[in-house]
Amino acid sequence: MPTYEPVIGLEIHAQLCTRTKIFCGCATDFGADPNTHICPVCLGMPGALPVLNSQAVDLALRAALALGCDVQPRSVFARKNYFYPDLPKGYQISQYAEPLALGGGIDVEVDGSSAFVRLTRIHMEEDAGKSLHEGFADSDRKTYLDFNRAGTPLIEIVSEPDMRSAAQAATFFERLCQVLVWIGVNDGNMDEGSLRCDANVSVRPVGQSTLGTKAEVKNVNSFRYLQKAIEYEIGRQIDLIEHGGRVVQETRLFDAAQGKTYSMRSKEEAHDYRYFPDPDLPTLVVAAGRLAEARAALPELPDARRARLMTQYGLPAYDADLLTQSRELADYFEATASASGLPKAASNWVMGEVLRTMKERAVPITAVPTTPTALAGLLRLVDAGTISSTVAKDVFATMYESGRSADEIVESQGLAQVSDTSALEPHVAAVLAAHPDVVEEIRAGKDRKFQFLVGQVMKASRGKADPKVVTDLLTRAIG
Ligand code: ADP
Ligand code: ZN
Ligand code: MG
């Protein structure tokens, strides 16, 4: 029995974060009433002329540079002709024979092994409108059209068929998304369609160098679904071949509820798009100066930042990974680390209480009211032994709610750790008096019970006693 090797290449459509569309001044806002952001240009009225959005070009350049691509000095917009109700012009403006950028790629690590996934190209294009098949009283007979999305600027990023597992493909998509959001090119909102992925999947017997026939799974919009769709597709193709069948080249869709892909159209029904250069748009010429500016404006990228957090602050890879999930989170950590001078404590707190609170309240780091300086104040109180880490968690919650400083809260609520023996001795005496049996057991050699007494004294002090001092006092009293 031959064993099979999956081969996967992805095509990703990412919306560029511009205020207006790619060839007109209509807003790109998500969620507006249908057909309120439209004009003669994005509706394809006769005589209306497209003008390229300069901001869209800058964002596309930024993406190309961040992904290590070679930006082409000249690229050409072409018309991709097909009929579909959501495509008002009867063609989509896209780049075809001469795209904006070639090459590039990203490192993808899965289960400790790393691989470089090459990119074929990045090109600019416009999105289509949206067909609304549901939600109207006459939806059983009619399809409504919303053209707000028509003309939204996109980049399409095409990978080489370099991936060999569903997990690797999902990680690639995740990393790509992280970079695009990091550099401010895309907002990462997959639920709103800002980022969509087509997965090209084939299998071949291990050892064969030619590629098998691929099927393309269209429009997957989550990392998890992508992995599931590819896993299903690999299984389906192997099964087909094992039972004497052949994979046919076709476009398929993923049904998330069923966890299956199904055929949408075969190669025979595929369109001939009759691409030709759009006569309404001049060649896009990227001047060397503009490219240099875009390169200079590029922020430190996730991989570099991860490496620097490890060397500069001595953090483990685990921490560096988590802290670089977004640029804003990494900024928040670094500000806390430098304000407190306690990088590891800052990392623990950001990964712990801060992320936990964000998740609980479903807010991004930018909406966390506690500033890095305020958090640093709390970390210093813990470091100095003024409060225990248990008390510190409550103080953090109060800081988050009230906006007051850690010092203020500890002071006004009398939360400072008590190490004064004279203040703790009465609690110790009371606990010993209440548990003579436990004291006997400890004296008889049951050391385990000692922690119980420490716990009782901590409780009596409402968590404020310094556990070290309590341990000393109890040891001395029991003898
Ligand atoms: P098409 O002509 O069908 O658009 P392309 O050659 O342009 O195909 O490739 C589209 C995507 O499919 C790319 O991401 C590419 O890496 C991937 N791809 C091409 N051939 C295969 C294959 N045999 N198996 C898996 N992926 C493939
Ligand atoms: Zn418009
Ligand atoms: Mg293609």
Side-chain angles (χ1 to χ4, degrees), residues 4-13 18-29 32 35-45 48-53 56 80 82 88-89 93-97 99 102-106 117-123 125-129 146-153 156-166 168-169 172-173 176 196-205 208-218 220 226 229-230 233-234 237-238 241 246-252 264-273 275:
Y4 294 88
E5 175 182 61
V7 173
I8 302 141
L10 301 183
E11 294 165 286
I12 287 146
H13 288 91
T18 57
R19 262 188 331 101
T20 56
K21 295 184 182 179
I22 185 168
F23 298 120
C24 63
C26 294
T28 51
D29 300 354
N35 300 311
T36 52
H37 296 318
I38 51 173
C39 75
V41 174
C42 54
L43 287 184
M45 297 292 184
L49 288 172
V51 177
L52 181 58
N53 180 333
K80 177 179 181 177
Y82 63 95
K89 293 194 292 291
I93 304 179
S94 179
Q95 294 181 316
Y96 181 61
L102 297 171
I106 51 178
V117 175
R118 293 168 301 157
L119 298 184
T120 313
R121 58 188 272 156
I122 297 183
H123 67 251
E125 62 184 31
E126 61 177 344
D127 207 348
D146 176 7
F147 291 112
N148 282 349
R149 228 194 140 75
T152 297
E156 180 174 339
I157 302 169
V158 182
S159 89
E160 290 289 301
D162 281 355
M163 289 158 277
R164 295 293 175 267
S165 73
Q168 201 183 26
F172 169 84
F173 186 27
L176 192 64
R196 313 186 297 261
C197 181
D198 302 338
N200 297 272
V201 181
S202 66
V203 299
R204 62 183 173 189
Q208 178 183 308
S209 58
T210 53
L211 295 175
T213 303
K214 71 176 162 85
E216 178 175 6
V217 187
K218 280 271 182 208
V220 190
L226 179 65
I230 295 173
E233 195 48 33
I234 293 169
Q237 293 184 12
I238 292 176
I241 297 169
R246 265 182 47 239
V247 175
V248 294
Q249 187 163 341
E250 63 182 350
T251 305
R252 300 177 71 86
M264 184 169 91
R265 60 167 182 258
S266 74
K267 183 78 179 173
E268 285 68 48
E269 300 158 59
H271 306 284
D272 173 357
Y273 294 116
Y275 283 96

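First listed ligand is number 1; within each ligand, the first listed atom is number 1.
Set against the non-hydrogen atoms of Ser159, the atoms of ligand 1 under 4.0 Å away are 13 (C), 14 (O), 15 (C), 16 (O). Residue Val7 has at least one heavy-atom neighbour below 4.0 Å for each of these atoms of ligand 1: 24 (N), 25 (C). With ligand atoms numbered from 1 in the order given, ligand 1 contributes 16 (O) to contacts under 4.0 Å with heavy atoms of Glu160. Each of the atoms 23 (N) of ligand 1 lies under 4.0 Å from some heavy atom of Gly212. Interface atoms of ligand 1 facing Val158, defined by a heavy-atom separation under 4.0 Å, are 13 (C), 14 (O). Each of the atoms 16 (O), 26 (N), 27 (C) of ligand 1 lies under 4.0 Å from some heavy atom of Pro161.
Considering only heavy atoms from C-beta on, Val220 stays 4.5 Å or farther from Phe173 through its side chain. By the 4.5 Å heavy-atom criterion applied to side chains, Leu52 and Phe23 are counted as neighbours. For the pair Val41/Cys26, no side-chain contact is recorded, criterion being any heavy-atom separation below 4.5 Å from C-beta on.
Residues Ile12 and Cys197 approach most closely at CG1-SG, 3.8 Å, considering heavy atoms.
The closest non-hydrogen atom to atom 26 (N) of ligand 1, taken over Leu119, Thr120, Asp198, Asn200, comes from Asn200. For the residues Arg121, Glu216, Lys214, Gln249, the heavy atom positioned nearest atom 20 (N) of ligand 1 is part of Lys214.
Open room surrounds CZ on Arg19; 12 or fewer heavy atoms of other groups in view lie less than 6.0 Å from it.
The Zn ion (ligand 2) has Cys24 SG, Cys26 SG, Cys39 SG, Cys42 SG as protein N, O or S atoms under 2.8 Å away.
Only the backbone of Leu10 comes within 4.0 Å of ligand 1, counting heavy atoms alone; no side-chain atom from C-beta on gets that close.
Ring geometry for Tyr96 against Tyr275 counts as parallel: the plane angle stays under 30°, on a 0 to 90° scale with 60° as the upper cut.
In terms of modelled atom types and a separation under 3.5 Å, the side chain of Asn35 and the main chain of Phe147 share a donor-acceptor contact. Proximity of a side-chain donor or acceptor of Gln168 to a complementary backbone N or O of Met163 within less than 3.5 Å is not detected. A side-chain donor-acceptor contact under 3.5 Å links Lys21 to the backbone of Asn148.
Checked by atom type, the side-chain pair Glu160/Thr120 shows a donor-acceptor distance below 3.5 Å.
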